[in-house]
2 protein chains.
Amino acid sequence: MDQEILKKYSNVDECPVRNVLDRIGNKWTLLVLLVLEEQQVLRFNELHTYISTISQKMLSVTLKSLEADGLVKRTIYPQVPPKVEYELTARAQSLLPLIHNLVDWSKTHINAIKTSRKHYELVTRK
Amino acid sequence: MDQEILKKYSNVDECPVRNVLDRIGNKWTLLVLLVLEEQQVLRFNELHTYISTISQKMLSVTLKSLEADGLVKRTIYPQVPPKVEYELTARAQSLLPLIHNLVDWSKTHINAIKTSRKHYELVTRK
DNA sequence: CGGTATCCATATCGATACTG
DNA sequence: CAGTATCGATATGGATACCG
């Protein structure tokens, strides 16, 4: 990893990982992916029911960015009242195993990490 | 994934993955981990040289949170001028393979994702 | 039903100056 | 050398009201 590559990777636009992490790193994306993985196809308000603590706005924003990245497919049924369905794409399916690895790692280490945080709080408190 | 679990996982404090992602999802953490993995042991200003675009403040903040989570070990040599060394812990070493998987996935899919984003821009522009 | 629009609170990030 | 303090800009997230 020489200076030039590091310089490039410090730039969000040019760094592949930052491009991806900036999306899955936000507050709701991961949860939406996991719910859609389990339920396969859901309408907007069904998703809202599963993830009741999200605001309508943030659910909309999250779904738009997932759709833009080609991770979620949005199907509109032209009827009244409108019906819109969301489901994962193959691209999202290929990402999900890595997410599950992260979930597993987190579950395994979260207790130790929280203990570390508390200890750090104590030793750094003046 | 029933309602109760979802409710819990919507809460950042109680969700293991969000706890971890909130850290590695921020702007500089991943880069610091990867540089420390490659260089093994570095002083504050050496890190700053490797990641030249980070501000002193953000490098300090990033290192503190990594130290708090037990992912980075900080060693102070009581001398003048001060000497402080940073290196990864075993906990961080166990996380790095998952990060490399994410890096690889991102590199593989970034072009298709960027193409999707451009296409999405076009079709949604009024 | 499936969203937008608007406004606001907070969190994150960065530039600059200063220090033991 | 290895930071901290302060201030300000920007990004993110949320509450509420409204709409085709």
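Reminder, nothing fancy here: chain letters follow the sequence lines and each chain counts from 1. All values reported here derive from a predicted model rather than from experimental measurement.
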Point to revise | Phosphate OP1/OP2 of C/dG3 contacted by A/K64 side-chain N/O (<4.0 Å) | key: no
Exercise for review: In whole angstrom, give the distance that lies between atom CZ of A/R18 and atom P of C/dT12.
Suggested key: 14 Å
Check your understanding: Does the distance from a Lys or Arg side-chain N to an Asp or Glu carboxylate O, for B/E85 and B/R43, drop under 4.0 Å?
Key -> no
Check your understanding: OP1 or OP2 of C/dG3 less than 4.0 angstrom from a side-chain nitrogen or oxygen of A/Y86, does that happen here?
Key -> yes
Revision key, fill the gap. When rounded to whole Å, the CG to P distance for the pair B/N45 and D/dG3 reads 9 Å
Exercise for review: Rounded off to whole Å, could you give me the NE2-to-P distance for the B/H48 and D/dC1 pair?
Suggested key: 13 Å
**Study point:** Whole-Å gap separating P (C/dT12) and CH2 (B/W28)
**Key:** 16 Å
Review point. Under 3.5 Å, side chain of B/D69 to main-chain N/O of B/L66, donor-acceptor pair present?
Key: no
Review point. Hey, does the side chain of A/R43 come within less than 4.0 Å of C/dG2's phosphate (OP1/OP2), counting only N and O?
Key: yes
Practice item. Identify the heavy atoms of B/R18 and A/G25 that sit nearest to each other, and give their distance. Key: NH2-O, 3.2 Å
Point to revise | Closest-nucleotide 5' rank along DNA chain D - winner of B/K57 and B/F44 | key: B/F44
Practice item. Output the single nucleotide from D/dA2, D/dG13, C/dG14 whose closest atom is nearest the side chain of B/K27. Key: C/dG14
Point to revise | Enclosure of B/Q40 CD (heavy-atom neighbours >12, cutoff 6.0 Å) | key: no
Revision key, fill the gap. Here the distance between atom P of D/dA11 and atom CG of A/N26, to the nearest Å, is 15 Å
Check your understanding: Does the B/T89 side chain pair with the main chain of B/G70, one donor and one acceptor, at a distance under 3.5 Å?
Key -> yes
Practice item. Take atom CD of B/Q79 and atom P of C/dG20, then tell me their distance rounded to the nearest Å. Key: 20 Å
Review point. Within the structure, does a side-chain N or O atom of A/R74 lie under 4.0 Å from either OP1 or OP2 of C/dG3?
Key: yes
Practice item. Quickly work out the B/I51 CD1 to C/dC13 C1' distance and round it to whole Å. Key: 15 Å
Revision key, fill the gap. Ranking B/P82 and A/P82 by the position along DNA chain C of their nearest nucleotide, the one closer to 5' is A/P82
Practice item. Scan A/Y77 against the nucleic acid and name what it touches under 4.0 Å (heavy atoms): base, sugar-phosphate only, or nothing. Key: nothing
Review point. In terms of the nearest nucleotide of DNA chain D, which residue is placed more toward the 5' end: A/M58 or B/V84?
Key: B/V84
Point to revise | Value in whole Å for how far the P atom of C/dA5 lies from CD of A/Q56 | key: 13 Å
Point to revise | Phosphate contact (C/dT4 OP1 or OP2) by A/S60 side-chain N/O below 4.0 Å | key: yes
